[in-house]
Structure formats: structure tokens, C-alpha cells
Amino acid sequence: MSFRRRARNAPTPPPQAPAPPVPRAEPPYLIIDALGRKCPIPIILLAERIREVPIGQVVAVTADDVAARTDVPAWCRMKSQDFVREETLPRGWAFHIRRTY
């Protein structure tokens, strides 16, 4: 009986707000293929070609060199570009960067 009394007197949890919608990944405007290239080539290709992308659009760099996983986000911080996300591919990764200027 004591269990039932506690259950009836237990405060009801507040209603949960619906989960925010998951943002859809924006397709890249430009894909730079650096698969099979070693550091620093993926960064060099990105630096050379990012101006081909309109401001506000996304460029993706595909790379399979593990150094790119730290180099691309670091380059984005140094150059004030937005690192959007890292996507795992069957071979390597795709790094999505939004051009800010």
C-alpha cells in the first residue's frame, strides 16, 4: 500500500518540449577531391579553391589522410571560415566548410 500512495503523490514530470528538427545537411557547392593526397595538399587545395565558392556557400574537401581531421578545422579557425561538419566516408572523410568572406 505504501508504494501506491507514493506513486499517486509523486509529482508529475513537466511536459517535454518537442525535439527541435534536425538540420538537414546542405549539399556542398564545390567538392575538392584530395583522396590519396598527403598533408599539406588537402589544405593547399582548399586554400587555392575556396574563392570559387560564393560567400555563404559550402565547400567539401574529401581526404583520407588522418592529418586532415585536425588540419582542416585548424585552417578554418586561422582563416575565419566556418567548419560545418566532418562526414565519414567509406574511404576517408568529407570536411564541409562554409565560406565567410
Side-chain angles (χ1 to χ4, degrees):
M1 283 182 121
S2 63
F3 173 73
R4 288 186 180 165
R5 284 186 187 154
R6 282 187 204 144
R8 281 189 218 146
N9 294 335
T12 57
Q16 292 183 348
V22 177
R24 300 181 88 197
E26 183 178 335
Y29 184 89
L30 172 68
I31 298 174
I32 300 170
D33 181 6
L35 291 171
R37 306 286 190 98
K38 297 295 180 194
C39 177
I41 301 302
I43 296 300
I44 292 170
L45 294 173
L46 174 60
E48 288 176 349
R49 299 197 58 199
I50 194 163
R51 286 194 167 75
E52 295 175 25
V53 176
I55 293 172
Q57 293 297 318
V58 173
V59 60
V61 178
T62 58
D64 53 3
D65 181 12
V66 71
R69 295 186 78 191
T70 55
D71 290 350
V72 173
W75 182 88
C76 291
R77 286 188 302 273
M78 287 186 342
K79 297 297 182 178
S80 300
Q81 303 294 345
D82 289 338
F83 182 76
V84 177
R85 67 188 178 104
E86 175 187 307
E87 176 184 359
T88 302
L89 303 176
R91 178 180 169 204
W93 305 271
F95 305 98
H96 295 245
I97 301 102
R98 183 177 316 280
R99 182 178 174 200
T100 59
Y101 64 90

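All residue numbers in this chain count up from 1 along the given sequence.
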Exercise. Check side chain to side chain contact (heavy atoms under 4.5 Å, CB included) between A60 and all other residues, then give those that pass, not counting sequence neighbours.
Key: P28, I31, H96

Quiz prompt | Side chain T62, main chain W93, donor-acceptor under 3.5 Å | solution = no

Practice problem: List the steps, then state whether side-chain contact (heavy atoms from CB on, under 4.5 Å) holds for F83 with V72. | Solution: CA-CA 8 Å; F83 182 76; V72 173; 4.0 Å; yes

Exercise. Scan residues 65-81 for pairs that pass salt bridge (Lys or Arg N to Asp or Glu O under 4.0 Å), counting only residues two or more places apart or in two chains.
Key: R69-E86

Would you give me the side-chain donor-acceptor pairs under 3.5 Å for residues 39-48, sequence neighbours excluded?
none

Quiz prompt | Pairwise salt bridge (Lys or Arg N to Asp or Glu O under 4.0 Å) hits with a residue in residues 33-42, at least two apart | solution = none

Quiz item: At their closest point, which heavy atom of L35 faces which heavy atom of A63, and how far apart are they?
Solution: CD2-C, 3.7 Å

Show every donor-acceptor pair shorter than 3.5 Å between a side-chain atom in residues 50-57 and any protein atom, with sequence neighbours excluded, or say none if there are none.
unit_1, atom_1, unit_2, atom_2, d
E52, OE1, R49, NE, 3.4
E52, OE1, R49, NH2, 3.0
E52, OE2, R49, NE, 3.0

Practice problem: May I ask you to list the residues sharing a hydrophobic cluster with M78, side-chain cutoff 4.5 Å, ordered by chain and number? | Solution: none

Quiz item: Among all residues two or more places apart in sequence or in another chain, which pass the side-chain hydrogen bond (donor to acceptor under 3.5 Å, both in side chains) test with D64?
Solution: R91

Exercise. Show your reasoning for whether side-chain contact (heavy atoms from CB on, under 4.5 Å) applies to V84 and I97.
Key: CA-CA 5 Å; V84 177; I97 301 102; 5.9 Å; no

Practice problem: Output every pair passing salt bridge (Lys or Arg N to Asp or Glu O under 4.0 Å) with a member in residues 92-101, not counting sequence neighbours, ordered by first then second residue. | Solution: E26-R98

Quiz item: With a 4.5 Å limit on heavy-atom distance, are the side chains of Q81 and W75 in contact?
Solution: yes

